[in-house]
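Both backbone and side-chain heavy atoms feed into the values below; hydrogens, waters and symmetry mates do not.
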Amino acid sequence: AVPAMVFLGVVMMPFYYGSRVRSVPEFLLRRFNPATHLFNALTFALAAVLIAGVNLYALALVINALIGWPIWLSIAISALFVLAYITLGGLSGAIYNEVLQFFVIIAGLVPLVIIGLHSVGGWSGLQAKIDHTKLGASAFSSWGGVGTGHWTNPLGDWIGIVFGLGFVLSFGYWTTNFAEVQRALSAKDLSAAQRTPLIGAYPKIFIPALTIIPGLIALAVIPKLGGAKITYNDAIPALMGKYLPNGALGIALAGLLAAFMAGMAANVSSFNTVVTYDIWQTYIRKGRRDRYYLNVGRVVTVVGILIGVGTAFIASGYNNIQNYIQLLFSFFNAPLFATFILAMFWKRTTPWSGIAGLAAGTIGAAVMHFAGYHIAYFYPHQMYDPTHATVNAQMVNFYGAIAAFIADLVVTVLVTLVTKPKPVSELAGLVWGVPDPNAPDPASVPKPVWWKSPKLLGGVALGIVLVLSIIFA
């Protein structure tokens, strides 16, 4: 994620500001045509409410594990809280809440890591216990068992990890997912917008320690984790209930609730923006006053949360939420990233190639997803299981993202070669190297002091990642 966040801050944010767009679908409208714009707006809206449902379901799991409330009641109460602060506070309210919630999350998870490690005998004790699980010593190696042909790593081979997860899914999420880009676009100026993902990259480097280590501890100390009664989704809530006293348990519970509420708020607020401005204002009710669209946005927020309540029950059908999230990203983010990169760097890309590529990428992800379950290579020891119980779903999703990206690129290029491109005069600010004469010149923006330099912030973040990658290779 960190390389993608650095790319967003150093390369993409100046481009977004130069194009003067309010959303990624708006960029597609200006760069391609209304058909491409509408297709992306609809698919993004669908993705937003599906991911919002994931966050609601995760909230319900925490409440159910620690308090005992039914899943449906937990989902409903959580939805009401998120609805209140998004509706009353809007985007700025959601952003301020996310900032405050971040510190609550840290305060809740840090004690869990410390107490959990102490209980298993420290780092060496954790390694010894994990050695006797099905993960084994490879759990402490990032690149162990990733060889092609006979992989043993839980994430599969290096091709899926590097190109599927590291490139397509990661860069697609951080650079074209409007739920993330929207936060940076709301900054006061270009300099602040660039620093938003770059500063966020630093805690992102260390956040995995607060999620991966508790997961390993849970695997070592919670019997039958991953079975029918205690799924992997229950790992951290179960660990909290086991180790934390009442006071610390309350903080930890608040931290988890805050994390999932922040995730849902991000997706619902971006769903609001895209439906209100990119669909309703553009295709249904044009030319109304701002007050009208403000009221429409409030209604859309309520509708989005209600749909999210429904999609939470779709997420409940997955044993591992992360598998479901990566599946959604392979369907929605991977094709968009391919289309966006071509449109951004290749002036020849034509209007009708946009929707053709997006559709082909989505179909490619679907074909790979369903075909992958019938290919022996995606099963441990490359032994096909007719019940599909042992399939490496994460690996299938990574290859699905690769398939979506390649299908989108190929179809976009082929359609471009047989259709007419836009005149260069209509591409001002929308293609790299074709600046908009009416937009502020990035070179004229006052340079920040040296320690706020985007290149310095990004370079240091990448350096830390490189060092940690070598240590845990």
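Between the Gln194 side chain and the Gly9 main chain, a donor and an acceptor come within less than 3.5 Å of each other. Side-chain atoms of Trp151 come within 3.5 Å of backbone N or O of Tyr377 as a donor-acceptor pair. For the pair Asn397 (side chain) and Asn323 (backbone), a donor-acceptor distance under 3.5 Å is present. Using modelled atom types, no side-chain atom of Tyr379 and backbone atom of Asn392 make a donor-acceptor pair closer than 3.5 Å. Of the possible polar contacts, one joining the Thr282 side chain to the Tyr277 backbone as a donor-acceptor pair under 3.5 Å is found. Side-chain atoms of Lys422 come within 3.5 Å of backbone N or O of Phe32 as a donor-acceptor pair. In this structure a side-chain-to-backbone donor-acceptor pair under 3.5 Å is present from Asp157 to Gly160.
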*Begin from the C-alpha positions of Ser270 and Asn267 and carry the test side-chain hydrogen bond (donor to acceptor under 3.5 Å, both in side chains) through to its verdict.*
CA-CA 5 Å; Ser270 55; Asn267 282 284; 4.8 Å; no
*Does the pair Asp408 and Thr339 meet the rule for a side-chain hydrogen bond (donor to acceptor under 3.5 Å, both in side chains), with working shown?*
CA-CA 7 Å; Asp408 189 302; Thr339 297; 2.8 Å; yes
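Between Phe15 and Phe27, the angle of the ring planes goes over 60°, which puts this pair in the perpendicular group of the 30/60° scheme. The aromatic rings of Tyr373 and His388 lie perpendicular to each other, with more than 60° between the two planes, well past the 30° mark.
When ring centroids are compared, Tyr283 and His37 come within the 6.0 Å threshold. Aromatic ring centroids of Phe378 and Tyr399 lie under 6.0 Å apart.
Atom CH2 of Trp72 has 12 or fewer heavy atoms from other residues, nucleotides or ligands within 6.0 Å.
When every heavy atom of Ala35 is checked against every heavy atom of Ile355, the shortest pair comes out as O-CD1, 3.6 Å. Listed here is the closest heavy atom pair of Thr311 and Gly308: OG1-O, 3.0 Å. Nearest heavy-atom pair, Arg31 versus Trp346, reported as atom, atom and distance to 0.1 Å: NH2-O, 2.9 Å. Taking every heavy atom of both residues into account, Pro214 and Ala209 meet most closely at CD-O, 3.6 Å.
Phe405 pairs with exactly one of Phe167, Phe329, Phe171 by the ring-ring contact (aromatic ring centres under 6.0 Å, His included) rule, that one being Phe167.
How far CD1 of Ile114 is from CG of Leu109: 11.0 Å, rounded to the nearest 0.5 Å.
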